[in-house]
2 protein chains.
Amino acid sequence: MVDTDSPGNAPQGIRARARAELLADVSRIARSHLAESGAAQLSVRAIARELGLASSALYRYFPSRDALLTQLIIEAYDELGESVELAAAAVDRDDLGQRFGSICHAVRDWARANPHEFALIYGSPVIGYAAPDDTIASALRVARVLIDLAADVPADGLVLRTPGPLNNTLVEQLTAANVLAGVDADLDVLVLGVELWAQLFGFVSFELFGSFKNAFEPADALFDHQIDMAIRAFGLA
Amino acid sequence: MVDTDSPGNAPQGIRARARAELLADVSRIARSHLAESGAAQLSVRAIARELGLASSALYRYFPSRDALLTQLIIEAYDELGESVELAAAAVDRDDLGQRFGSICHAVRDWARANPHEFALIYGSPVIGYAAPDDTIASALRVARVLIDLAADVPADGLVLRTPGPLNNTLVEQLTAANVLAGVDADLDVLVLGVELWAQLFGFVSFELFGSFKNAFEPADALFDHQIDMAIRAFGLA
DNA sequence: TGGAAGCGAGAGCACTGCTCTCGTTTCCAT
DNA sequence: ATGGAAACGAGAGCAGTGCTCTCGCTTCCA
């Protein structure tokens, strides 16, 4: 029993390494349960059972089921965010229409591949659940990709815009978003982008949660049309 | 104890009247619990407690908690549907822009006044929950109001439209919707309407579920702008 | 008027999240 | 090297859940 910490693989002690491993195991199993049965069915005891642990042992690692859910939320946001970032980067950066379409398809594809995860982050908050600030950074990744796109869209091509100046509050909010993202998107472009962002997720929600039932199944053609329309609204067609 | 069924108020027997009353009571209490704490917290036992009944007694009236939730879902759809119908009827039928705005505001106002009900019907389905057909008719009421509007929008004014013909599948789906609603809306108008429908509910979901947090609070100006843009897309401005 | 059906109460089952205690193991500072 | 402190896992237990079953009682209807 000499030299427990000399091997190069883990400079940490036995405890720390075991803890890290168990945390990873819990996360892995929790994610598989989430993917299979949804957040509502996620059971601390079931996870413990699968790990061969007493349920009480898990509370050494997570203060509550909500905390576990919060971590799953963050991971879901990050997974979606990464998909979208990759999709945006995978196409010609200057072909803004294609870039927008790629982003939209990434969101929809990820949501269809991970419906319970999507429901967890964009469906009704599981309980009175006040989203902790931890989740916000990850949640913003998709928004960031879109705002970066908006910053590249030329303002003079916009097909859909209001004639007069924007409402003062709106200008402040949009400007703050620009500042937060470190870009300087035209506000008319940006506000259209925000609205198309809502449209994108409204569409995916409708598709996954059944509002298109008996009407737009499959919804592929409708989705492509919606993207086409959005590109036209931006003046990118 | 003579003449129990002769009074004009209730031709039915004692049993039937008591049953109807209790059903109404359960529904009333369930709705108040839903409005206060959300669907996830809805407890059959808590309802029974408030009624002074054993929890088992409620199972004479509802086969399961899910069945109770289903009824709440239907009631929520109907309530929202009625609000929207009233809003659409409250304005000049020929002022299509105002009619559209009135519909949108009705949806948003109802959702903000009844967030848990909105989450119940447009958030993630509570469980694996396959929406029974009972709910569909009620769910269609909002869609119907919008499709009726679309049928009145002149096709030649459309600002946002695709140049070529629509995808075949899409044409079939849109035509089926027309048939189902008994109208003959122009398909380019109709598809835009569907997409703006998704946008409307995407917006409200974002607002209620926190996606606009730290960015568009309040979201009034953004909402008004979105409606304005939609009206322009329809060519109604 | 008597059998059938509907009803409410209560006990009970299997499950949940979570807490507390207790003996053991690991760690870290002396 | 060793002893105290901290971390750990197991297990019992609590309060709560949805739901089932049985048992008397009441209402109904033929």
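Bear in mind the structure is a predicted one, so any value in this text is a computation, not a measurement. Lettering of chains follows the sequences in order, A, B, ..., and the numbering in each one begins at 1. Note that these values count all heavy atoms, side chains included, but never hydrogens, waters or copies made by symmetry.
Scanning atom types as modelled, one donor and one acceptor separated by under 3.5 angstrom connect the side chain of B:R15 and the base of C:dG6. Within 3.5 Å, no donor on the side chain of B:R45 pairs with an acceptor on the base of D:dG16, nor the reverse. At a cut-off of 3.5 angstrom, counting only N and O atoms as typed in the model, there is a donor on one side and an acceptor on the other between the side-chain of A:S56 and the base of D:dG11.
Of the candidates D:dT27, C:dT19, C:dC27, the closest approach to any side-chain atom of A:I14 belongs to C:dC27. When distances are taken from the side chain of A:R49 to each of C:dT26, C:dT16, D:dT20, the shortest belongs to C:dT16. For A:R60, whose side chain is taken as the heavy atoms from C-beta onward, the closest listed nucleotide among D:dC8, D:dC19, D:dT22 is D:dC8.
Note on B:Y61: a side-chain N or O is less than 4.0 Å away from OP1 or OP2 of C:dG8. For the OP1/OP2 pair of D:dG18 and a distance below 4.0 Å, the side-chain nitrogens and oxygens of B:S43 include at least one atom meeting the criterion. For C:dT26, neither phosphate oxygen OP1 nor OP2 lies less than 4.0 angstrom from any side-chain nitrogen or oxygen of A:R17. Contact annotation: A:R65 side-chain N/O to C:dG17 OP1/OP2 distance is under 4.0 Å. Under 4.0 angstrom from either OP1 or OP2 of D:dC8 there lies at least one side-chain N or O belonging to A:R19.
One atom, OH of A:Y59, and another, P of C:dC18, lie 4 Å apart when rounded to the nearest Å. The nearest whole Å value for the distance from the CD atom in A:Q41 to the P atom in D:dG18 is 13 Å. In this structure, A:L68 places its CG atom 10 Å from P of C:dG17, rounding to the nearest Å. The distance between atom CZ of B:F62 and atom P of D:dT17, rounded to the nearest whole Å, is 18 Å. In this structure, CG of B:L23 is placed 13 Å from C1' of C:dC7, rounded to the nearest angstrom.
Residues A:R141 and A:E82 are not paired through a salt bridge, judged by the lack of any N-O separation under 4.0 Å between the basic side chain and the carboxylate. One finds a salt bridge joining A:E207 and A:R112 here, because a Lys/Arg side-chain nitrogen approaches an Asp/Glu carboxylate oxygen to under 4.0 Å.
The shortest non-hydrogen separation linking A:A88 to A:S102 is N-OG, 4.3 Å.
Looking at heavy-atom distances under 4.0 Å, A:L22 makes contact with sugar-phosphate atoms alone, never a base.
When only modelled atom types and interatomic distance are considered, A:H225 and B:E195 share a side-chain donor-acceptor pair under 3.5 Å. Side-chain polar atoms of B:H33 and B:E50 form a donor-acceptor pair below 3.5 angstrom.
Heavy-atom distances to DNA chain C give each of A:L42 and B:L58 a nearest nucleotide, and the one nearer the 5′ end belongs to B:L58. Comparing B:S55 and A:A54 by the nucleotide of DNA chain D that holds the closest heavy atom to each, the one mapping nearer the 5' end is A:A54.
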